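As structure tokens, the structure follows; a few thoughts come after it.
Note: hydrogens, waters and symmetry copies are ignored here, and every other heavy atom, side chains too, is used. Throughout, protein chains are lettered first and strands after them, A, B, ... in sequence-line order, and every chain is numbered starting at 1. For clarity, every value in this text was computed on a predicted model and none was experimentally measured.
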Amino acid sequence: MTKTNENIKADLFTSDTQIKKARLAKMDKTTRRTNLQGKISKNIILLGLLLFAFVILYPLFWMVVSSMKSYDEIYNNVWGLPSVWHFENYATAWSMGISGYFFNSLFVTLVTIVLVVLIGSMAAFTLSRYKSRWIDVALIFTIGGIMMNPQVALIPLFEMLTWMNLINTHWALILTYVAYRLPLTIILIRAFFLSIPRELEESAIIDGCSEFGIYARIYLPLSIPIIVTTIVLTAYFAWNEFMFATVFIDSDVLKTIPSGLMNFRDALRTDWGVLLAGMVIAAIPMVILLVFLQRYLVRGLSEGSVKG
Amino acid sequence: MKKTLCFSILLLLLSTLLAACNSGEEQSANADGKVEIDFFHRWPNEPRKSFYDEKVKEYMEQNPDVHINVDYVLNDAYKEKVRVLVSSDELPDIFTAWSDSFAENLVSSERIMPLNEVIQEDEEWSTKIIDSQFGGFTFDDTTYGVPFTVDGKAFFYNKAAFEENNIEIPKTYDELIAALDKLQSAGYEQPLVEGLTNTWAISHYLGTIFERVVDPAVLEKDYNEETAEFTDQGYIQGLEMFEELTGYMGDVSTAIDHEAARNMFAAGEVPVLYMQFAEIKMVEEAGDVEFGFFDFPEVEGAAGDPTALTGAPEGWMVSKNAPEETIDFLKFLTSEETAAEFTKTDGQLNAIEGAVTEENVNPTSLEAYELITNASSTAPWFDNAVNINVADVFMRGGQSLATGQATPEDILKEAQQEAANQK
Amino acid sequence: MIARRNRMIPALFILPSLLFLGIFIYIPLVQNFYNSFFDFSVFSPTKEYVGFSAFEQLFADKVVMTAFINNIKYAIISVIFQVAFALVLATILEDKLFRRIAPMLRIIYFIPVMISISVIALLFNFIYNPQMGLLNSFLELVGLESLALPWLGNATTSIYAVIAMSQWQSIGFITMLFIVAIQKIPKELYEAANIDGAGKIRQFFNITVPQVKEALFVNMLITITGAMLVFNEPYILTNGGPGTSSMTLSVYMYQQGFFKDNMGYASAVATLIFVVTAIFALIQIKVSGTGKDE
């Protein structure tokens with residue numbers, strides 16, 4: 001338990017570590033032998049780091065720049081900037097289908113988030129507050145879910161959803177996304193719930209709060225940070241999921257962004273500028289999420305240690 | 001009390017969510033009494049998507065008591081989807097279908113409406129449709145589909161490149177190879193090109209080659225799942241021919257799609273391309289080369305049909321349970337007016353008399369149109385003609401041939417096994 | 001009253017999630033085993049019992065072998081880059097020498113992780129494009145055009161081109177996990193080592209590596225499991241081609257099931273995938289100790 005607690009506190013970007021580092025650096029100054037060799041190797045490593053950053057960033061930069069080029073320019077002038085900036089590629093991409101995929105993704109993601117947080121936090125509440133043999137079994141059942149992978153379930157899920165008449169509906173995605181996000185969510189939230197002091201709820205019971213009241217009025221509000229983490233992780237998953245989205249949805253009007261982009265590519269033929277504009281539109285929400293909510297995201301990913 | 005309330009609300013919430021899942025049920029008439037027609041096609045790409053969206057809108061304006069639901073998925077997904085739908089009661093009312101074995105498979109579900117009566121009743125409409133094109137939709141004298149687009153595959157060549165190097169249009173396969181050699185020595189690194197990442201493009205090649213080198217009777221036997229064996233040595237010869245042809249396609253072909261190949265042809269970088277007539281307009285729009293076409297040449301001494309044209313019509317089928325208004329919509333979709341506008345917008349030729357004229361197509365397409373409508377026999381697309389598992393062996397095998405990872409014998413052996421598995 | 005409340009409410013609270021897990025995760029798993037013994041297609045409602053024949057076919061199938069070897073290549077290369085290289089990268093980023101620039105680099109390295117695989121794969125289609133692709137154009141630019149290849153169309157390079165894209169996308173992810181682990185190492189250890197005059201490289205092997213041992217192991221297992229399951233990358237970039245040269249088990253399962261409609265055989269492939277990954281997953285549970293956290 002302590003491990004998880006520490007994790008929660010040890011935020012990547014806390015000033016605490018910064019101060020420590022600064023102190024270390026100061027101490028270091030006195031002991032450091034300021035030889036030339038050290039400086040050179042530092043600069044070589046720095047160069048390597050920047051080079052790697054360039055390797056990561058350049059293709060993305062190219063994607064953004066080329067999204068405003070015409071096909072001829074992308075084909076014949078790979079490296080150059082556009083001679084005419086075709087901003088209208090974005091409007092074209094948006095009206096030619098990306099808007100539909102975008103709102104489908106938005107709907108699926110939002111409903112998935114709501115269900116995951118609601119159902120997951122309720123289960124975590126039980127799993128953290130009660131003890132019995134059945135609770136232990138339920139906990140193992142939940143944790144075991146993390147180890148199951150969607151690939152193995154793909155065909156049975158397809159059969160089941162067909163049988164339920166849900167294939168080719170957004171529910172096929174929402175229900176399966178919720179199921180596959182629940183185990184991690186429950187574990188994360190449960191760990192947080194366990195750290196909430198018992199005294200709080202005891203006083204609440206004295207005040208006449210019901211069980212539900214304790215969950216809704218005490219546990220949930222106290223757990224906002226971990227719930228934000230859950231939301232970010234779920235959004236990341238639901239927005240980017242590809243396999244289910246490809247197999248369970250056929251209809252173009254229902255597709256989400258990851259699978260819709262494949263249709264979009266086929267439909268566009270060689271209108272590469274518009275295709276790239278569509279790709280940029282698809283990527284932007286998650287990059288924004290990273291920039292603004294990185295601490296929650298990083299915490300969740302590292303605690304869950306399960307790739308999206 | 002309060003907690004019970006909370007739970008009731010929660011359970012209610014969940015149950016409505018789950019109930020909402022099932023609300024996608026289809027209805028043949030909706031709340032305001034309109035007849036609903038489910039229309040399913042396979043063109044999420046432009047310009048056809050917009051064309052059909054427009055047409056549907058136009059039809060609904062003319063017929064205010066009809067509401068049409070359009071849905072579309074692309075190619076392979078469409079094939080799979082229709083096969084699934086035809087085995088259930090969810091078959092759309094009107095949908096697009098390829099001819100021949102693809103159509104036959106659908107018909108065997110007994111969910112497709114026979115159209116003989118409809119065709120006889122309204123001769124004003126039905127006689128406008130080129131008679132020969134009904135063949136691929138007629139089984140045991142019953143017609144199950146109305147042909148709409150016609151197509152075929154041929155070698156397209158850059159006229160300037162052929163003239164500069166004094167190359168005649170090849171009449172035989174050997175002459176084709178000689179022409180390619182000549183072009184290569186004239187400086188074309190790859191005189192022929194194809195997008196081999198699109199496995200269907202490989203199947204089009206193989207389908208035609210097999211038509212040329214394998215006895216038609218053997219083909220008929222092997223294209224039937226029940227009797228397929230693929231033991232004829234002609235297949236080896238055919239695969240070897242394909243291997244030989246990929247030798248002229250250069251490294252690049254294994255990594256591009258057909259569209260990139262077409263663009264190379266349109267830009268004059270490559271002088272020969274095997275493509276569909278439906279693509280003529282796209283080549284003209286993508287570049288300014290002058291081009292002509294010739295049929296896949298005859299293979300001397302081979303047992304196959306030397307002139308069969310590969311390419312089959314595609315048309316519309318109607319579900320047995322479709323509301324009667326669907327027939328009217330079908331006639332609307334296959335009317336001369338719609339067809340002429342379709343060909344003008346898209347470039348693909350159609351099977352409606354009077355709807356392909358100098359006014360809506362270019363001379364090359366018109367020439368192709370003559371060829372298609374006069375062809376003695378047409379061969380269906382290979383990937384539609386044989387079982388998909390067998391087709392996949394040939395298509396992936398084609399990629400392996402091009403990259404030198406397999407021999408014709410390997411592929412044929414695998415195809416024989418796969419054919420045996422299907423029985 | 002209190003006793004009743006304690007029984008009913010926890011049960012009701014946990015019921016929905018147990019239902020979800022049961023219906024959408026555990027039942028399909030069992031169903032998949034069951035399906036492996038039948039021959040059926042999407043559009044035939046009947047399933048024909050065929051016993052172990054699908055598994056016999058599986059072990060004789062050359063494509064399964066190719067796919068499995070590709071998965072193993074995927075795993076080995078990913079361990080080298082995403083685990084070994086990422087650990088070094090994380091150590092450097094956490095070094096005080098780079099503390100000014102590190103936060104920004106961390107974000108930059110992490111960006112590809114956030115972007116949908118279909119966007120990344122479409123982008124790499126442009127990068128690997130034999131005609132105008134960035135990679136070949138770059139090689140030309142620096143005078144190495146002899147190395148330019150149709151990366152995805154060449155049977156020997158296609159799987160590596162796919163793997164390379166995965167590395168590009170995922171290094172930032174594992175690096176971030178290592179950074180978190182490194183930050184938990186007590187700083188005193190390094191201070192003591194500094195006083196002893198131990199160099200950076202010795203500190204790395206004597207302090208960092210042993211201290212992040214658990215994370216190292218977990219990350220390795222995540223990477224290996226991910227590599228054994230990989231679907232999206234090869235499916236979008238090459239669809240397993242040319243021929244079957246870049247096939248992976250998951251792509252093969254998908255093609256058998258949804259393209260060729262051999263659902264029974266596809267289920268057998270899925271069972272194989274499950275067995276392979278379950279072994280790694282069991283090790284992971286044992287090591288990471290998830291669950292016994294009290």
Side-chain angles (χ1 to χ4, degrees), chain A residues 1 4 10 17 20-21 24-25 31 42 45 49 53 56-57 59 62-63 75 78 119-120 122-123 125-126 130 138-139 141-143 145 147-149 151-153 155-157 160 175-176 178-179 182 186 211 240 242-243 247 257-258 261-262 265 279 282-283 286-287 290 294 298 302 305 307, chain C residues 5 9-10 13-14 16-18 20-21 24-25 28-29 31-32 35 92 96-97 99 105 107-112 114-119 122-123 127 132 134 137 173 176-177 180 183-184 187 194 218 222 226 229 231-232 250 253 257-258 263 266-267 270 273-274 277 281 290-291 293-294:
Chain A
M1 186 54 235
T4 339
T17 32
K20 257 193 202 160
K21 273 194 207 152
L24 268 175
T31 53
K42 183 196 161 177
I45 293 174
L49 289 177
I56 297 281
L57 281 183
W62 181 88
M63 173 169 83
Y75 191 90
V78 181
I119 297 173
M122 277 164 41
F125 183 72
T126 295
Y130 298 90
L139 185 61
F141 189 76
T142 308
I143 291 166
M147 303 302 161
M148 304 305 155
N149 49 67
Q151 277 84 346
V152 177
I155 291 168
L157 279 176
M160 185 187 286
L175 296 177
T176 49
V178 170
L182 273 178
I186 293 173
E211 270 319 90
N240 290 338
F242 178 79
M243 190 174 69
V247 177
I257 280 190
L261 270 179
M262 297 293 123
R265 176 196 50 185
M279 286 156 63
M286 288 301 118
V287 174
L290 172 67
Q294 53 167 313
V298 168
S302 62
S305 279
K307 227 189 267 196
Chain C
R5 178 167 81 179
I9 290 178
F13 262 61
I14 204 169
S17 79
L18 293 184
F20 263 99
L21 293 181
F24 295 108
I25 295 185
L29 187 70
Q31 176 79 16
N32 185 67
N35 283 348
I92 293 171
K96 50 198 174 299
L97 283 177
R99 69 168 191 282
L105 289 176
I107 296 188
I108 290 175
Y109 297 161
F110 203 78
I111 290 175
M114 295 304 290
I115 297 176
S116 168
I117 185 65
S118 43
V119 175
L122 288 174
L123 179 58
I127 291 177
M132 50 59 72
L134 292 182
S137 309
F173 175 73
M176 198 63 100
L177 298 187
V180 176
Q183 284 177 344
K184 283 186 214 153
K187 297 292 168 282
N194 259 339
V218 171
I222 297 172
L229 288 171
F231 171 80
N232 301 341
S250 295
M253 174 202 72
F258 293 96
M263 286 293 190
S267 303
I273 298 173
F274 175 77
T277 52
T290 338
D293 50 357
E294 315 203 19

Counting only non-hydrogen atoms closer than 4.5 Å, does [X] touch chain A with its backbone (N, CA, C, O), its side chain (CB onward), both, or neither?
X	result
C/Ile111	both
C/Phe274	both
C/Asn32	both
C/Ile92	side chain
C/Ser137	both

Which portion of [X] sits near chain C, non-hydrogen atoms under 4.5 angstrom:
X	answer
A/Ile56	both
A/Phe141	both
A/Met160	side chain

Going from [atom1] on [X] to [atom2] on [Y], what distance comes out if it is rounded to the nearest 0.5 angstrom?
X	Y	atom1	atom2	result
C/Ser118	A/Leu261	OG	CG	5.0 Å
A/Met63	C/Ile127	CE	CD1	10.0 Å
C/Leu21	A/Ile143	CG	CD1	11.5 Å
A/Phe242	C/Ile117	CZ	CD1	8.5 Å
A/Ile155	C/Met253	CD1	CE	5.5 Å
A/Leu290	C/Ile108	CG	CD1	10.5 Å

Legend entry - Top contributor to chain A contacts, counting heavy-atom pairs under 4.5 Å, from C/Leu229, C/Ile273, C/Asn232: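 The option with the most such pairs is C/Leu229.
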
Legend entry - A/Leu49 and C/Tyr109, any side-chain heavy atoms less than 4.5 Å apart: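 SC-SC contact between C/Tyr109 and A/Leu49 confirmed.
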
Inset, instruction - Show your reasoning for whether side-chain contact (heavy atoms from CB on, under 4.5 Å) applies to A/Ile186 and C/Ser17. - result: CA-CA 9 Å; A/Ile186 293 173; C/Ser17 79; 3.8 Å; yes

Legend entry - Working for side-chain contact (heavy atoms from CB on, under 4.5 Å), residues C/Ile14 and A/Met122: CA-CA 6 Å; C/Ile14 204 169; A/Met122 277 164 41; over 6 Å; no

Inset, instruction - Carefully, step by step, assess C/Leu122 and A/Arg265 under the rule side-chain contact (heavy atoms from CB on, under 4.5 Å). - result: CA-CA 9 Å; C/Leu122 288 174; A/Arg265 176 196 50 185; 3.7 Å; yes

Inset, instruction - Quick one: do A/Leu157 and C/Gln31 satisfy side-chain contact (heavy atoms from CB on, under 4.5 Å)? Show the steps, please. - result: CA-CA 9 Å; A/Leu157 279 176; C/Gln31 176 79 16; over 6 Å; no

Inset, instruction - Heavy atoms only, distances under 4.5 angstrom: which of A/Val78, A/Thr126, A/Val178 has the most pairs with chain C? Name it, please. - result: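 Sorted descending by pairs with chain C, the first entry is A/Thr126.
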
